[in-house]
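Note that the coordinates shown come from a computational prediction; the quantities given were computed from them, not determined experimentally.
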Amino acid sequence: MATPKKKTNTKKKSTVKKTVKTTKTKAVKKTIAGKKTSVTVKAAKKAAPKTGTSKTTTKRASAKSKTVSTKTAKPVRDISYDPKAIEQKWQAKWEADKLYRAVIDYSKPKHYALTMLPYTSGDLHFGHWYPMAPSDARARFKRMNGYNVLFPIGFDAFGLPAENAAIKRGIHPKEWTYKNIENMRRQLKSMGAMFDWEREAITADPEYYKWTEWFFIQLYKQGLAYRKMSAVDWCPSCNTTLAREQVVGENRVCERCGTPVIKKNLEQWFFKTTKYADELLNFDELDWPERVKVLQTNWIGRSEGASVIFRTEAGDPIEIFTTRPDTLWGATFMVFAPEHPLVDKVTTPEQREAVEAYRAQVARESDIEREAVDKEKTGVFTGGYAINPVNHARIPIWIADYVLMSYGTGAIMAVPAHDERDFEFARKYDLPIVQVIKPEGESEAGELKAAYVGPGVMINSGPFDGTKVNAEKGRKNPGISAVIDWLEEMGIGKEAVNYRYRDWLISRQRYWGAPIPMIYCEKDGWNPVPEDQLPVLLPDDVEWKPTGESPLKFHPTWKNTTCPVCGEPAVRETDTMDTFMCSSWYHLRYLSPHYDKGPFDPVEYDYWMPVDTYTGGIEHATMHLLYTRFFHKAMRDAGIVKGNEPMIQLRNQGIILGEDNEKMSKSRGNVVAPDELVEKYGTDALRTYLMFAYRWEEGGPWNPQGIDGTARWLRRIWALFTDASDSPASASVETKRTLRRRVHQTLKRVTRDFENFEFNTIISSLMELLNDMYKAREAGAVGTPEWDEATEIYLKMLAPVAPHIAEELWTNQLGKPYSIHQQSWPQVDEEAAREDMIELPIQINGKVRDRITVPAGASEEEIKAAALASEIVKKYLDGKEPKKVIVAKGRLVSIVV
RNA sequence: GCCGAAGUGGCGGAACUGGCAGACGCGCACGACUCAAAAUCGUGUUCCCUCCGGGAAUGUGGGUUCGAUUCCCACCUUCGGCACCA
């Protein structure tokens, strides 16, 4: 570049340029070039001199003078940056060189960076780029920091969409899936990520699902897989059962297709996730977002209380769970769920007809109707009575739809005085209400207007009258604790914990999934397929039912086999596993995707596990992220894996919405196709834009114009590095010092932000530094050692975010040794980063009135003296002594007048 | 109803120890270059006033403090999750 522009960016107030206006320090005025003297427009406007400095530098005048100088400057112009060519070239070379192959290296610390594997729906969209590209940048950062980084990728390939496509278009799910994988692989490669493709795993490959089946058998052997008849959620559109986690929203719809689910009584396979409920509530070893921990905690829904045995008049025990054993003396009736097994037995002949009618009515109601909170409670008296074990009161037994068979024991003691639902019910059916907790300090209460649920003193409670009860739950509440002790002593109840969490229903009545490797024999019942016969392969020759019913069930021969125990003819389970089972262990298959002596090579396991950083969407908080933790703990207890947790650090990105601020979907037509953007702007621009435009954990609506900003930035980088500058190495000492300071300050910030997943500020710091480097170049910094250091550090910081342009400029422009991605992350030179002069604002009565510039090491006294010497301060003081002067070192001076 | 997160210019966002609010970028306006456009470069861009200067402002109202986007209290709004959970 022939003529450096004689201009200063007057807009910026960044630390490189300090325009100081006090009389005392007026001379201290710096730009990165160290020799600019013009009063800048903004400064003139903002902090206009009070000291008689000429006001002739008006906006117009200064703008004009700049205009003149611009004419002599050649604008930065570049046409040679061709992202497409550069990106394709380097991607091919990196692949040929196996630059991202991750192999065990005991001389280095390992870092397992994992990003959630994509489902093989056909197209890689923004939902994939947004988590993956920044995760890749961070993995690259870790690698440059000396870690041996594993950043694998694979495909979640089983599941319904493939089967639906098969039904709709007559393509075999396998064909549809593997065609999609091919396309997605190409798209993923266009991202330029450091994926180690030799570790790719596909969950629908027999060499993969063989081990998914094997894991099922291990769970079975551990007693954690069982078959049970129960009322399960069924999606009529997907034609399959669903796990409770897969039923979402207040309309209780299928997580995948949005169809309201119905209940069906079916015998299905479950995993005993509840066995680990307590351990899953422990997040001590995890660096996970608070949000996710709260979601999982609420999902598991632990409540502490007591289990108490009531009895029917015939002596049958009725177990109930209560969080308020302190209110046992106020139980004036009992309520059973209509499906409760004792209903038949306690119902009297006179009430039988009413009870049967009510049960029939409830059975007709959908779950949504039945569980609507605002619905008025209904119920029917059974005619039977129970005995309250604490006071031997004879209380009526009702059935009502507000008691659910699926929670607790399906029976409750009703304490209308201290439970809102029971109160409402008692009022409606005119049942007695007995108050047993009185708010402290109040006299004996009159008639209750509403249930009292606060703390107080126990009354009408026999031996416990006068006992104080606070608002705490469980044993933490001394009143409740005393009652529990007494219940245990009397042998009528005990401390108990109840969970909202349910066992994981894993049976799916579908074809495209890993077969459940179980065999049923009339004589020997259910037994696992012998492990040496795995995998149970899916048959290819199947016929699709338009109804969506599993073709496995109708296959003429597939299910026929022999019993592994007696050798007689037997049948296979025709259900397949929930695909969440496949994804519960994919991070283990990446370790050795072709290993055939087990699900993973233990040598690889010992080196790489656990996953150090896991990135993906928060929508999996109570599904995949909970399943995989359960899976790991169960396999730990089976002696197959080690440690308590599979993924130590978790970070969730937000969601990119469409331009219309709605979720991207084909039907809305607001889907942004990454392929087109890569074509138009290049991968580097797209990657950096995704990092720059949002707080990564928040996401937000897509702004089609925003990407121009990062594309422009990359072009400006290109221009700075490729324009031959003929300016001599003429920079002043101050310019060079300032350049180094800015480089090392930026490095410090960028390093910190990478560690913290704060990608947007990484890019903005790099943009700022580029602006400073342009100024330094104008001031003749090119050719100096400081400039060379700046360019080298700049490209190294750029390498993780924009790997292609960084490589091109590094290798071909600077002529440094290939590859930049194998270089070490630069070290911060703290001395260089240190400011030697700092500008301090002076506040008078809380408002900034002036600024002074002092040496960074100035003492409090010196700063105070300098501040009080300011003309402006003197004006405000008006000859008086300041009431108070506060010097916040390195921050500001605050004067109270 | 319960649990959680978030409210900052026209927009995305920054301010990481309680210390200069609005960095960086988008958009927009004006100017340069161009036959023209694009690209590029430059300047400006929170709001208000009497435009010299000053005032107000980080969802709202209070509080602590020399000083609050940051801490405390109350409330409002938006988003996410759970929801008759005994």
Candidate nucleotides [options], ranked by approach to the side chain of [X] - the nearest:
{"X": "A/Val294", "options": "B/rG19, B/rA15, B/rG4", "result": "B/rG4"}
{"X": "A/Val848", "options": "B/rC84, B/rC20, B/rG27", "result": "B/rC20"}
{"X": "A/Leu404", "options": "B/rG81, B/rA86, B/rC16", "result": "B/rA86"}
{"X": "A/Ala888", "options": "B/rC20, B/rG19, B/rG55", "result": "B/rG19"}
{"X": "A/Lys377", "options": "B/rC24, B/rU40, B/rC84", "result": "B/rC84"}

Nucleotide forming a Watson-Crick or wobble pair with [N], both distances under 3.5 Å:
{"N": "B/rU64", "result": "none"}
{"N": "B/rU50", "result": "none"}
{"N": "B/rA15", "result": "none"}
{"N": "B/rC35", "result": "none"}
{"N": "B/rC28", "result": "B/rG44"}
{"N": "B/rG4", "result": "B/rC79"}

Which part of the nucleic acid, if any, lies within contact of [X], taking any heavy atom under 4.0 Å across all strands shown: a base, the sugar-phosphate backbone alone, or nothing?
{"X": "A/Glu424", "result": "nothing"}
{"X": "A/Gln843", "result": "base"}
{"X": "A/Ser894", "result": "base"}
{"X": "A/Asp419", "result": "nothing"}
{"X": "A/Ile886", "result": "base"}
{"X": "A/Gly699", "result": "sugar-phosphate"}
{"X": "A/Asp422", "result": "nothing"}
{"X": "A/Trp713", "result": "nothing"}

Face-on cation placement of A/Lys377 at A/Phe425 ring, 6.0 Å and 45° thresholds: no

What is the distance, to the nearest angstrom, from the [atom1] atom on [X] to the [atom2] atom on [N]?
{"X": "A/Asn298", "N": "B/rA5", "atom1": "CG", "atom2": "C1'", "result": "13 Å"}
{"X": "A/His418", "N": "B/rA86", "atom1": "NE2", "atom2": "P", "result": "17 Å"}
{"X": "A/Met767", "N": "B/rA14", "atom1": "CE", "atom2": "C1'", "result": "13 Å"}
{"X": "A/Asn756", "N": "B/rA15", "atom1": "CG", "atom2": "P", "result": "11 Å"}
{"X": "A/Arg695", "N": "B/rA5", "atom1": "CZ", "atom2": "C1'", "result": "11 Å"}
{"X": "A/Gln705", "N": "B/rG13", "atom1": "CD", "atom2": "P", "result": "16 Å"}
{"X": "A/Arg500", "N": "B/rC84", "atom1": "CZ", "atom2": "P", "result": "9 Å"}
{"X": "A/Arg716", "N": "B/rA39", "atom1": "CZ", "atom2": "C1'", "result": "14 Å"}

Do the rings of A/Trp696 and A/Tyr130 sit parallel, tilted or perpendicular, given the 30° and 60° boundaries? tilted

Take the angle between the ring planes of A/Phe754 and A/Phe759 and call it parallel below 30°, perpendicular above 60°, tilted in between. perpendicular

Both A/Ile895 and A/Tyr499 contact RNA chain B. Taking the nearest nucleotide for each, which residue is further toward the 5' end? A/Ile895

On RNA chain B, more 5' by nearest nucleotide between A/Ile618 and A/Ile412 is A/Ile618

With respect to the phosphate group of [N], does any side-chain polar atom (N or O) of [X] fall under 4.0 Å of OP1 or OP2?
{"X": "A/Arg712", "N": "B/rC26", "value": "yes"}
{"X": "A/Lys847", "N": "B/rA56", "value": "yes"}
{"X": "A/Asn760", "N": "B/rA14", "value": "yes"}
{"X": "A/Arg291", "N": "B/rA6", "value": "no"}
{"X": "A/Ser303", "N": "B/rA86", "value": "yes"}
{"X": "A/Lys884", "N": "B/rC66", "value": "yes"}
{"X": "A/Arg891", "N": "B/rG67", "value": "no"}
{"X": "A/Arg752", "N": "B/rC16", "value": "no"}
{"X": "A/Arg252", "N": "B/rC82", "value": "no"}

A/Ser870 (side chain) donor-acceptor with A/Val873 (main chain) under 3.5 angstrom: yes

With a 3.5 Å distance limit and no angle check, can you tell me whether A/Tyr81 reaches the backbone of A/Arg716 through a side-chain donor-acceptor pair? no

Could you check whether [X] pairs with [Y] (Lys NZ or Arg NE/NH1/NH2 to Asp/Glu carboxylate O, under 4.0 Å)?
{"X": "A/Lys428", "Y": "A/Glu376", "value": "yes"}
{"X": "A/Arg252", "Y": "A/Asp233", "value": "yes"}
{"X": "A/Arg651", "Y": "A/Asp287", "value": "yes"}

Less than 3.5 Å apart, any donor N or O on the side chain of A/Glu319 or A/Thr409 sitting next to an acceptor on the other? no

Under a plain distance cut-off of 3.5 Å, with no hydrogens placed, do A/Tyr499 and A/Arg302 share a side-chain donor-acceptor pair? yes

Under the rule syn = chi within 90° of 0, otherwise anti, which is B/rG9? syn

[N] to [M] separation - [atom1] atoms, rounded to the nearest Å:
{"N": "B/rA68", "M": "B/rG62", "atom1": "C1'", "result": "14 Å"}
{"N": "B/rC30", "M": "B/rA37", "atom1": "P", "result": "13 Å"}
{"N": "B/rG27", "M": "B/rA15", "atom1": "P", "result": "23 Å"}
{"N": "B/rC75", "M": "B/rC3", "atom1": "P", "result": "12 Å"}
{"N": "B/rC26", "M": "B/rA14", "atom1": "C1'", "result": "15 Å"}
{"N": "B/rC24", "M": "B/rU45", "atom1": "P", "result": "12 Å"}
{"N": "B/rG59", "M": "B/rG54", "atom1": "P", "result": "27 Å"}
{"N": "B/rU64", "M": "B/rG9", "atom1": "C1'", "result": "29 Å"}

Does a distance-only test, which skips hydrogens and angles, find a donor-acceptor pair under 3.5 Å between the side chain of A/Glu290 and the base of B/rG4? no

